[in-house]
Amino acid sequence: MRIGELAAQAGTSTRTLRYYESRGLLPARRNGNGYRAYDEADLRLLRQIRTLQDFGFDLEQTRPFVECLQAGHPEGDSCPASLDVYRSRLAELDACLARLAEVRDRVAAQLARAELRAGADHPGGPEPHCELSTAPARHEES
């Protein structure tokens with residue numbers, strides 16, 4: 001298939017395919033008339049890249065998965081290098097989640113302190129505020 005057909009089937013642009021080709025992730029095969037030529041294996045490579053990018057992997061992190069498929073493995077994540085990338089990404093995600101949990105705990109503690117101060121300033125809780133009560137009164141005529 002030609003580049004436009006591959007792009008359509010993969011749900012991407014021809015520009016993206018050319019970029020992947022320049023990065024060595026997509027083979028640059030040409031047929032007799034000079035047009036780029038692709039097959040189902042290339043479509044599989046693109047789907048692997050897109051799936052990993054949907055998971056938040058950067059383009060370089062997809063390389064071991066692509067190389068695994070190009071080596072003839074049925075799945076891009078059946079090679080040791082791919083598994084290493086998975087492990088590394090999980091460690092990054094775990095660290096991010098830990099940081100988020102820490103920030104969440106700090107915000108919750110700050111909220112609790114603020115609520116205590118607000119309660120001390122206003123026994124029984126803060127004054128209720130109604131947006132409608134600050135609007136000028138309208139008089140309806142019958």
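If you're wondering where the values come from, they're calculated on a predicted model, not measured in any experiment.
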*For Glu21, all residues meeting salt bridge (charged side-chain N to carboxylate O under 4.0 Å, His left out), sequence neighbours excluded*: Arg36
Indicate every side-chain donor-acceptor pair of residues 93-112 with a distance under 3.5 Å to a residue at least two apart or in another chain.
| unit_1 | atom_1 | unit_2 | atom_2 | d |
| --- | --- | --- | --- | --- |
| Gln110 | OE1 | Arg113 | NH2 | 2.6 |

_List the residues meeting side chain to side chain contact (heavy atoms under 4.5 Å, CB included) with Glu5, not counting sequence neighbours, and say none if there are none._
Met1, Arg2
_For Ala10, all residues meeting side chain to side chain contact (heavy atoms under 4.5 Å, CB included), sequence neighbours excluded_ = Thr12, Leu43, Leu46
*What is the distance from atom CG of Leu25 to atom OG1 of Thr16, rounded to the nearest 0.5 Å?*
12.0 Å
*Hey, what do you get for CD1 (Ile3) to CZ (Arg15), rounding to the nearest 0.5 Å?*
12.5 Å
Identify every side-chain donor-acceptor pair in residues 52-61 under 3.5 Å, counting partners at least two apart or on other chains, and give the distances.
| unit_1 | atom_1 | unit_2 | atom_2 | d |
| --- | --- | --- | --- | --- |
| Gln53 | OE1 | Tyr20 | OH | 3.1 |
| Asp58 | OD1 | Glu60 | N | 3.1 |
| Asp58 | OD1 | Gln61 | N | 2.8 |
| Glu60 | OE1 | Arg23 | NH2 | 2.9 |
| Glu60 | OE1 | Arg63 | NH2 | 3.3 |
| Glu60 | OE2 | Arg63 | NE | 2.6 |
| Gln61 | OE1 | Asp58 | N | 2.8 |

*Among residues two or more places apart or on two chains, list those pairs meeting salt bridge (charged side-chain N to carboxylate O under 4.0 Å, His left out) that have a residue in residues 71-90.*
Asp84-Arg87, Arg89-Glu92
*Sequence neighbours excluded, every pair satisfying side chain to side chain donor-acceptor pair (under 3.5 Å) that has a member inside residues 40-51*: Arg29-Asp42
*Is there a side-chain contact between Leu45 and Pro27, using heavy atoms and a 4.5 Å cut-off?*
yes
*Among pairs that include at least one residue of residues 14-80, which meet disulfide (SG to SG under 2.5 Å), considering only residues two or more places apart or in two chains?*
Cys68-Cys79
_Considering only residues two or more places apart or on different chains, which pairs with a residue in residues 26-62 satisfy disulfide (SG to SG under 2.5 Å)?_
none
*Heavy-atom donor-acceptor pair, Ser88 side chain to Val85 backbone, under 3.5 Å*: no
*Any ring pair (Phe, Tyr, Trp, His ring centres under 6.0 Å) pairs touching residues 70-112, not counting sequence neighbours?*
Phe65-Tyr86
_Checking Ser78 now: which residues fulfil side chain to side chain donor-acceptor pair (under 3.5 Å) with it, not counting sequence neighbours?_
none
*With sequence neighbours excluded, tell me which residues meet ring pair (Phe, Tyr, Trp, His ring centres under 6.0 Å) with Tyr35.*
none
